[in-house]
Amino acid sequence: MSEQAKTGDTTVPRSRGGSNALKSYLGAYGFMAPAGILVIVFFLIPVAIVLYLSLTNLASSNFTSNLAIMEFIGLKNYQTLLNDQFARKIFFNTIFYVLVTLSIFNVSLALLVSLLTTHIDRSAGFVFRALWILPRITSPVVYILIWKRMIAEAPFGIINQFNEALGQPTYNYISTNPWVFVVVVNGFIGVSFGMIIFTSAIESIPRDLLNASLVDGSSKLQRIRYVIMPLIRWPLLFVVTYQTLSLLTSFVEIQLLTDGGPGLYRTEVWSLTAYHRALSNYFGNAQWGYGSAFAVLLVMIGVVLAVIYMRVFRFDELIAEPRVEAL
Amino acid sequence: MKVTIDNLSKKFGEVVGVENLTLHIEDGEFVAFLGPSGCGKTTTLLTLAGIYKPTDGVIRFGERVVNTVQPKDRNIGMVFQSYALYPHMTVFQNIAYPLKLKKVSKADQHDRVRQVANVMGIGELLDRRPGQLSGGQQQRVALGRALVKEPDVLLFDEPLSNLDARLRLTMRGEIKHLQKDLGITSIYVTHDQVEAMTMADRIAVMSGGHLQAFDSPDELYDRPKTQFVAGFVGNPPMNFVDVSVQASNGRFFAETESLRLEVQKERGAPPASHGGPVVMGIRPEDIQIASDPNNGTVSGEIFVVEPLGREDLIDVRIGRHSFLLLADTEDRHQAGERVSLAFDMEQAQFFDPETEKSLLWQ
C-alpha cells in the first residue's frame, strides 16, 4: 500500500487496496483450510493428547470410570523409559531395520525395477510393475500368512519342503534369521511406492530429451547416469524422506510375523514397543501413559529427521516459485 | 556422407508410419522432408537417427548399412523442435556432452565448445542453464551441440517451429549458410513449405506415409507431378477447378458452365486426349485483375479482400467457382466489386481426378 502511495498512484483509493489485501489473505487461507483442518484434527490434536497422556500414569491397572484417579506424574514415564534396559536395544533395532530396508528395497530395488521396466516393452513393463504392487495391495494379515506358510518349520513350510526334497537340512527360519525375513517382507511391500514414483518421473522426461542423449552418443547406461538420474533427483529425495518416516512408524507386518521376537526384543522396533506397552501388554496391564511416552519420542524423532532431510536435500531449492502472484 | 534409403517401411503394429520410401541423398546435400502432420516425415527421421528400427528396407550411410547400428555409433547430430537441452546442465555442459561421451580430453572439449559457441554467437552464455535462455538462444545451443562432434549427417526435426516469425526468418538463413559452409549432409523435417522451399536443395514431399515427390523446389513449383504437391507447395495455395478440356479446330479450351479459357496446345492436348472431367490448377499469382475487359477475360465478383500488407489476397467468385488471387494494395479493391480476370493459361496445371496424377508431367 505504501508503495502505491509513494509512486503517487491516486487512481486506486487506499481503502479499496486494504480490503483487497484482506480478500487475498482470506482466499489463500480458504484454499489451505481443507488440508489445514485435516492436519489439525488428525495430527496436531492427537499429538497433543498423546503428549498429555505421556505425562500421566494412566494404565489399565489403575483405570476406573473415574478419570480423576489418573495422576499427572510429570516426566516420570520418560525417566523410566531411559532406564529401561531394553530401550537401547530397541532403538538400535529400529535404526538397523529402517536403514537396511530403506537402502536395499525402498530405494535401490525400487529404482532398479523402474529403470528396468521403463527400458523394456511398455506392456511387459506394466505387467512386472503390477506384480510388484501385489504385496502392497494384499491385506497384511493374508500377506504375512503367505510368508509364514513359506518359511514355516518342516514339514509344513514350503521352503523346507524343498530343502527336504533336495536332501538339505531344514531350518526354523524365524528363529535362525528373523531379521532377514523382517526386512524382506517389509521390503517387498516398500518397493512399490518408490517404483510408482520413479516410474512416473522417468516416463515424464520428454522423449526428445531421451532421444537427444542417444543421438549425442550415449549408451542406454550412460543415458541413465547422465540424464535420467539427475532429472529424477527430486522424486529420489522425496522417496528417501517419505519412506524413512513411514518405515519408522510401521510395525503391523513385524507384529504379525515375529511380534518383536523371537526371544526378548530380537526384532522389536520402537513403534511396536509403543503399541506393546500401551495397547497389548503381555502381563495384561495396558500402560497408556508409558506407551504414549514411546510414541511422543517417535514423533519427535520423525519431525527432527524430516527437518534434517529438508535442509540437507534443499527441498526449497527444488520447488519453483508459484507462477500465480495473487488471487 | 551419402544417405541412401531403399524401400524403407516402418510400422507400429498395424499403424503405418512410412511405407516403401526410396530416397537417394547426395553428399553435402540439404534435403527437406515436407508434409502435413502424421505424414511420416518425423518417423523417417527417427529411423535415420536409429531411434526406431526399420520394419523393412535398407538405410545406408555411405556404403555402410546402418539398419541395426545404435544411434551413438552413427555419428549424427540432431536438432529438435523442443530443443531438448538437458535442463540440469549448463550451456557449456550441454554442448560438451557429445564430446564427453567420446572421451575427448577436457582441454580439447573446452576449445571445441568455445569455437562452436562463438560460431553460434552464444559465447557469453556458456555458464547459463537452458531455463535462463530465450527460445532463439536455446535453439542455437541445440545446434551447437549437434555440430560440435562434427557429424556426418545432420538431422533437423522442425527446429524453427517454436520460434517467433522474425527469429525464424533469421535462423532460416543462418542454418542454410552454416550448412553450405560446413557441407554436412542435412535432412530437415518441416511442415512449413516456405522453410522447405527457401532452404533445401531438394524437397521430399510426403503424405500418408508415402513419398509424393522428390525434386528441387523450382521443379516442384513449376512442374508438380501430383495434385497433392501442387496444392501443398506454394503460398497462397493453388486454385483447383473441375473442368473439361475440349479441342476444336486445333485450339484447346478448358470449360465449365461459367468459364471458357483457351489453353496452349502443349498444355491443352494431354488433358483433351485424356477425355472426361479433369482438375485444372492455377496459382494465385497467375491470375490478374484486368483493367480493360476483352474476350480473353472472365468477369466475377469479389467475395472478400484480405490485406497482407505488401498485397491484397482476394477471393473472387465466378459462378460457383472461387479463385484466390493477389492484387496490388494501391488498387483498393472492395468486396462486392465486379472485376474481370485474366488467366495466364501458360502456367495452368491439369490432373487426373481419379489418380490425382499430373497429366502434363510424369
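Keep in mind it's a predicted model, so treat the numbers as computed, not measured. Every chain is numbered from 1, with letters handed out A, B, ... down the list of sequences.
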Scored by heavy-atom pairs under 4.5 Å with chain B, the best of A:Val215, A:Val227, A:Ile205, A:Leu214 is A:Val215
Interchain donor-acceptor contacts below 3.5 Å (chain B, chain A):
from	atom 1	to	atom 2	distance (Å)
B:Ser82	OG	A:Asp208	OD2	2.6
B:Tyr86	OH	A:Ser213	N	3.2
B:Tyr86	OH	A:Asp216	OD2	2.7
B:His88	NE2	A:Tyr226	O	2.8
B:Tyr97	OH	A:Ser213	OG	3.0
B:Arg145	NE	A:Asp216	OD2	3.3
B:Lys149	NZ	A:Val215	O	2.6

How would you list, by chain and number, every residue that makes a side-chain hydrogen bond (donor to acceptor under 3.5 Å, both in side chains) with B:His24, sequence neighbours excluded? B:Asp6
Segment of B:Ile51 engaging chain A (4.5 angstrom heavy-atom cut-off): side chain
Residue, of B:Leu101, B:Leu155, B:Val79, that accumulates the most heavy atom pairs under 4.5 Å with chain A: B:Leu101
Should we count CD of B:Glu124 as having more than 12 external heavy atoms under 6.0 Å? yes
With a 4.5 Å cut-off on side-chain heavy atoms, are B:Pro87 and A:Leu209 touching? yes
Heavy atoms of other groups near B:Asp127 CG, more than 12 under 6.0 Å: no
